Number of protein chains: 2
Amino acid sequence: MNPHQTIRLAVIDTDSGFVTVLSKRAEAAGWQLRHAAGAVPPEELVAMKLNAVLLDPAVLGDEGWEYLERVCGMLPDLGVIVCTGRSTVAQRVRGLRLGVDDWITKPCHPEEAMARVEAVSRRRRRGRNEAEAGPVIAAELEIRPDQFQAFVGGDSLDLTRREFELLQLLAGAKGQVLERETIYQRVWGYAMAHGDRSVDVFIRKLRQKLEKRSPNWGYIHTHFGVGYRFDPEPAEGLLDEPLVIPDAAPAPEPSSQVVHSSFTAG
Amino acid sequence: MNPHQTIRLAVIDTDSGFVTVLSKRAEAAGWQLRHAAGAVPPEELVAMKLNAVLLDPAVLGDEGWEYLERVCGMLPDLGVIVCTGRSTVAQRVRGLRLGVDDWITKPCHPEEAMARVEAVSRRRRRGRNEAEAGPVIAAELEIRPDQFQAFVGGDSLDLTRREFELLQLLAGAKGQVLERETIYQRVWGYAMAHGDRSVDVFIRKLRQKLEKRSPNWGYIHTHFGVGYRFDPEPAEGLLDEPLVIPDAAPAPEPSSQVVHSSFTAG
DNA sequence: CGCCTGCTTTCACAGGATTTTCACAGAACG
DNA sequence: CGTTCTGTGAAAATCCTGTGAAAGCAGGCG
């Protein structure tokens, strides 16, 4: 659906020049990048929930082939792209037969490397359901992208398409305040017309359905003049127990992330 | 997986030397090869049931890009590998972004070309639903891919080809909502044209045949605005009359505090 | 070669479900 | 205290699906 799906990539290389340039571009494109200078155990790669890994087996020395084999064997769903210097046809063929998805030769234009990572990720994502993403769980709320449904305590909320996408967006950015414009842009896919109240209406519908299943919860908070914020914790004061979390929590909503309200009236 | 699975590849190129050498090797490896010297309509590519197509867009002249776009757009499941002479980074990036899976530069060792075709086909095959081999059994429904038939309680449903493939797809992804586009893509083999209602029509036929054999079952659920979902469990409320949505029920929520049992999907 | 038959695709329309719009009341803000 | 913004209920508009039937196709048979 979304043409600009965010890509999670790990780069295993010591070529600092290449890595730096690539990182800059990738982050500009909104990718999530991890970098390592040596072999990363396949288990950790799994934990990173990557789309693809871009590596130069040369930095692994003699273990290069073995590592490649292990990664390709254990993680058949992970896109593997080799980007290395001189290599023979035989080496490339060996790698590709082993499970490598693409083999690029350095020096390589970072834009092309990115395009190839995209190509591999795209093909990987295909076939699997489009809306591939693990279920999101917030408190007793569970969101299943593969079913287009959300559950509270096991009961389906019976959401419509827009309601579902809105909830998915909010819950996915839990703790963050999302401006109406942003919400509209992301859920509806195009810019919000001036004076459009659709977001408010759908927020109400969501609140209704959520609170029917789970009263006194207060998932969705209004930020006057700005937008809405989803909070998986019970609303304070409703359970006669304020429960101030923010102090203990090491990562409350970083106000640097939260866009300030440039809400233009009139 | 078997490393030597037979691959069906179409080569669109006029470089007779390259084609000859490649053909020889590919046939030695047991691949099924087709050759064309000009643009082949996407419909024909579909009919060939290919794993991948290897082409040099240069032989198509000005239509090269357009053709690439058409093929990649209509056949998102087909592996597309470009193998051409000089090309700029910008061209390669454009192609890869467009949907091309790999871009090789001539001169190119045929062994490497083959390895890349394999890599693309491998990844393509992986995504597909695995459950296309063995018989699928869901409740009292049994699907036998080897016979192209489905049975309910032992009675054949007498399905046509499309009906069968649709049912197979749905039942293989039971519990998951499949979007119309996805369904069409997988059953028909190419992208759905805007406004095509074929999926709906076949869903109706399936429902008719299924419910004639097993009334009050409700296998196929509609997700408004999204697609369909196959559910092997009997639809609730059809075997009895438990009613729906108590209007003034004081405690409709059961054990909302207790940890819920995760929805058991097959 | 032409007809017949069954399958697939297309079309138009009706009935619903969903989304958008609107007007007003209440709440928040300065 | 006035202005701006949000919550709400309901009407209006839009979109989506179910359905019946006709048109297009392909293959089998006389």
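The structure displayed is predicted, hence computed values, not measured ones. Throughout, a chain's letter reflects where its sequence line sits, starting with A, and its residues are numbered from 1.
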- Message: With a 4.0 Å cutoff (strictly under), does any side-chain N or O of R180(A) reach OP1 or OP2 of dC5(D)?
- Response: no

- Hey, does the side chain of Y228(B) come within less than 4.0 Å of dC16(D)'s phosphate (OP1/OP2), counting only N and O? no

- If each of S198(A) and Y184(B) is mapped to the nucleotide of DNA chain C with the nearest heavy atom, which maps nearer the 5' terminus, i.e. the 5' end? Y184(B)

- Nearest of dG20(D), dT6(D), dT10(C) to any side-chain atom of D200(A)? dT6(D)

- Task: Using atom CG of L206(A) as one end and atom P of dT8(D) as the other, report the distance to the nearest whole Å.
- Result: 13 Å

- If you pin K205(B) and T160(A) to their nearest nucleotides in DNA chain C, which one's is more 5'? K205(B)

- Message: At 4.0 Å (heavy atoms only), tell me whether R161(B) reaches a base, stays on the sugar-phosphate, or touches nothing.
- Response: sugar-phosphate

- Item | Atom-to-atom span, CH2 of W188(A) to C1' of dT14(D) - whole angstrom | 15 Å

- Query: Can you tell me if CD on E69(B) sees more than 12 non-hydrogen neighbours from other groups inside 6.0 Å?
  - Reply: no

- Item | R197(A) side chain, from C-beta outward: closest of dG7(D), dC13(C), dT20(C) | dG7(D)

- Note on the structure: Here the distance between atom P of dC5(D) and atom CE of M192(A), to the nearest Å, is 11 Å

- Message: Considering every strand and a 4.0 Å limit on heavy-atom distances, what is the contact class for R162(A): base, sugar-phosphate, or nothing?
- Response: sugar-phosphate

- Note on the structure: Rounded to whole Å, CG of D158(A) lies from C1' of dA17(C) at a distance of 12 Å

- Nearest whole angstrom, please: distance from the C1' of dA10(D) to the CD of Q208(A). 12 Å

- Task: Grab the NE2-P distance between H194(A) and dT20(C) for me, whole Å please.
- Result: 18 Å

- Query: Do the side-chain N and O atoms of Q32(B) and R8(B) include a donor-acceptor pair separated by under 3.5 angstrom?
  - Reply: yes

- Item | R204(A) or G227(A), whichever maps to the more 5' nucleotide of DNA chain D | G227(A)

- Nucleotide of dC11(C), dC5(D), dT19(C) approaching F224(A) most closely (side-chain heavy atoms): dC5(D)

- Message: Tell me the interatomic distance from I203(A), atom CD1, to dT19(C), atom P, rounded to whole angstroms.
- Response: 14 Å

- Message: Within a 6.0 Å radius of atom CZ on R207(B), are there more than 12 heavy atoms belonging to other residues, nucleotides or ligands?
- Response: yes

- Message: Please classify the nucleic acid contact of R207(A) as base, sugar-phosphate, or nothing, using heavy-atom distances under 4.0 Å.
- Response: sugar-phosphate

- Salt bridge present between R180(A) and D200(A) (N-O < 4.0 angstrom): yes

- What is the distance, rounded to the nearest whole Å, between atom CD1 of I220(A) and atom C1' of dT6(D)? 14 Å

- Query: Can you tell me how far CG of D155(A) sits from CD of Q149(A), rounded to the nearest 0.5 angstrom?
  - Reply: 11.0 Å

